[in-house]
Undergrad: 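Just dropping this structure here.
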Amino acid sequence: MTPSATAPRLILAGFLHETNTFGPRKADYAAFEDGGGWPRLCDGADILTTMRGVNVGICGFIEEAEARGWSLCPIQWCAASPSAPVTRDAFERIAGRIVEGIRAAGPADGVYLDLHGAMVAEHLDDGEGELLARVRAVIGTETPLVVSLDLHGNVTPKMVAMADALLGYRTYPHVDMAETGRRAARYVARRLSGAPDAKAFRQVPFLVPIAWQATSVAPNKDLYARLPALEARGASTASLMMGFPAADFADCGPSILVYAPTRALADTLADELLAEVVAAESRFAGKIHAPEEGVRLAMARAETASRPIVIADTQDNPGAGGESDTTGMLRALVACGARDSALGLICDPAAAAQAHRAGVGATLRLALGGKSGIAGDRPFEADFVVETLSDGAFLATGPYYQGARMRLGASACLRIDGVRVVVTSSKAQLADQSMLRFVGIDPMRQDIIVVKSSVHFRADFEPIAEAILDCAAPGPMLADPAALPFKRLRKGLRLSPNGPAFG
Ligand SMILES: [Zn+2]
């Protein structure tokens with residue numbers, strides 16, 4: 001639909017980062033320019049073309065807005081791989097560009113922001129709260145400001161106060177990022193035709209380890225099914241946020257957001273959902289194996305299985321701030337003599353370059369990975385055979401990355417005994433079968449596949465997996481948040497389900 005002269009005019013922007021305040025490396029401006037596993041930084045009208053067909057919030061918002069005939073004024077969109085805090089320079093440059101862009105765009109009928117919700121900057125605990133306050137100062141209190149958030153957002157009272165509505169993803173793996181953008185556009189439409197809603201915000205009194213946050217299994221499967229039911233009872237929109245449990249500040253943790261025409265209804269529905277989440281506390285649980293224990297279990301299971309056993313190397317998940325280069329699981333596979341096994345991604349640009357210089361078929365002595373300085377981890381020194389080489393450019397096909405153009409740089413499949421390792425020059429979470437196939441590894445022909453991911457891999461691997469195991473090799477994203485050296489959480493917050501209270 002082409003916008004008419006009277007069509008609503010919406011300003012759009014995006015700025016996404018999930019911050020692990022314990023992570024080894026900060027996100028600087030270059031990290032946002034590159035995007036890591038995300039699309040590159042994108043400016044102005046280019047956003048309307050390059051973000052098309054990608055599973056991100058702003059893409060869904062644009063599709064829904066265009067279908068409604070709205071006029072769109074896009075400012076800037078960028079994201080970086082999860083990591084330690086965003087540098088002051090990166091935050092100020094990007095927030096500055098967005099805020100000045102909104103000011104320069106002049107009066108609009110509304111503003112939509114595609115944010116993550118768990119951004120900490122060097123100089124700010126609450127990156128999104130600060131950005132929203134600056135945007136609000138420009139647009140005034142009457143212009144609707146609607147935001148889509150990642151399910152891992154650590155929502156703060158300031159974020160709630162500054163936005164008309166915050167809408168979180170409802171799936172982990174996040175297969176509904178674009179759909180959440182569409183829901184945000186539908187919320188804008190509702191807001192344009194009526195008064196603002198009352199808001200209810202509740203913080204859940206315990207952290208949930210990310211390995212137990214998957215929405216395809218209990219208890220989240222049932223809890224997330226409650227959200228449409230709350231809307232059927234009158235909520236304009238409701239969100240259950242799992243939070244990102246590796247951010248050392250007061251508002252870390254899960255929360256509930258309910259927007260409704262009356263305060264009484266918003267409060268009632270939020271309190272009901274909070275009671276259900278608290279009642280489910282002990283069900284956020286599972287088994288984490290030591291590396292060799294997990295590999296032996298997988299090998300035993302593989303003897304009779306017709307499909308691969310998938311192991312999550314959860315503590316080096318680059319989607320949670322890992323560097324995707326620890327070697328604990330590789331060491332365990334080799335030590336146990338695993339056959340027909342694959343592991344990825346090991347991000348090691350120097351090793352990838354050596355493999356490219358040596359060529360296919362060569363045998364190389366390498367000290368692979370293990371360079372991010374994680375306690376208990378070290379490079380894996382051995383002879384590797386170069387099986388295949390790639391420039392790392394390919395299209396992701398699974399439901400999580402769906403449509404994203406991967407740019408992993410010089411890459412190789414290196415083999416040691418029965419173990420194939422996908423080595424790349426850029427890090428990205430292994431959450432798509434194409435991330436094995438691009439170097440010639442057929443996922444279905446593996447006995448064991450080790451993925452540096454916690455939950456997102458499930459979207460593309462659950463359908464082909466005989467079983468899924470979680471293993472904890474040394475890495476920066478501790479599977480149990482209670483083991484993290486928190487100093488600044490709010491008093492009384494339980495560090496894990498039924499775990500010790502902070503303070
Ligand atoms: Zn997330």
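Please read all numbers here as calculations on a predicted model, not as lab measurements. Just so you know, ligand 1 is whichever comes first in the structure, and atom 1 is the first atom listed for that ligand.
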Undergrad: Examine H152 and say whether one of its N/O/S atoms is closer to the Zn ion (ligand 1) than 2.8 Å.
TA: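 Short answer: yes, at least one N, O or S atom is under the cut-off.
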Undergrad: Please state the angle at the Zn ion (ligand 1) spanned by NE2 of H174 and OD1 of D150: what is it, rounded to 10 degrees?
TA: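 Answer comes to 90°, rounded to 10°.
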Undergrad: Of N317, T326, T314, which meets side-chain hydrogen bond (donor to acceptor under 3.5 Å, both in side chains) against K452?
TA: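 Going through the options one by one, the only one that passes is T326.
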Undergrad: Taking the six-membered ring of Y224 (Phe, Tyr or Trp), confirm whether the NZ or CZ of R170 is under 6.0 Å from its centre and within 45° of its axis.
TA: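 The answer is no, since R170 fails at least one limit relative to Y224.
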Undergrad: May I ask you to check whether H456 brings an N, O or S atom to under 2.8 Å from the Zn ion (ligand 1)?
TA: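 For H456, the answer is no, given that no N, O or S atom comes within less than 2.8 Å of the Zn ion (ligand 1).
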Undergrad: Verify side chain to side chain contact (heavy atoms under 4.5 Å, CB included) between S454 and Y172, making sure each step is shown before the conclusion.
TA: CA-CA 10 Å; S454 296; Y172 183 28; 4.1 Å; yes
Undergrad: How many angstroms lie between CG in L493 and CG in L495, if you round to the nearest 0.5 Å?
TA: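 The distance works out to 6.5 Å.
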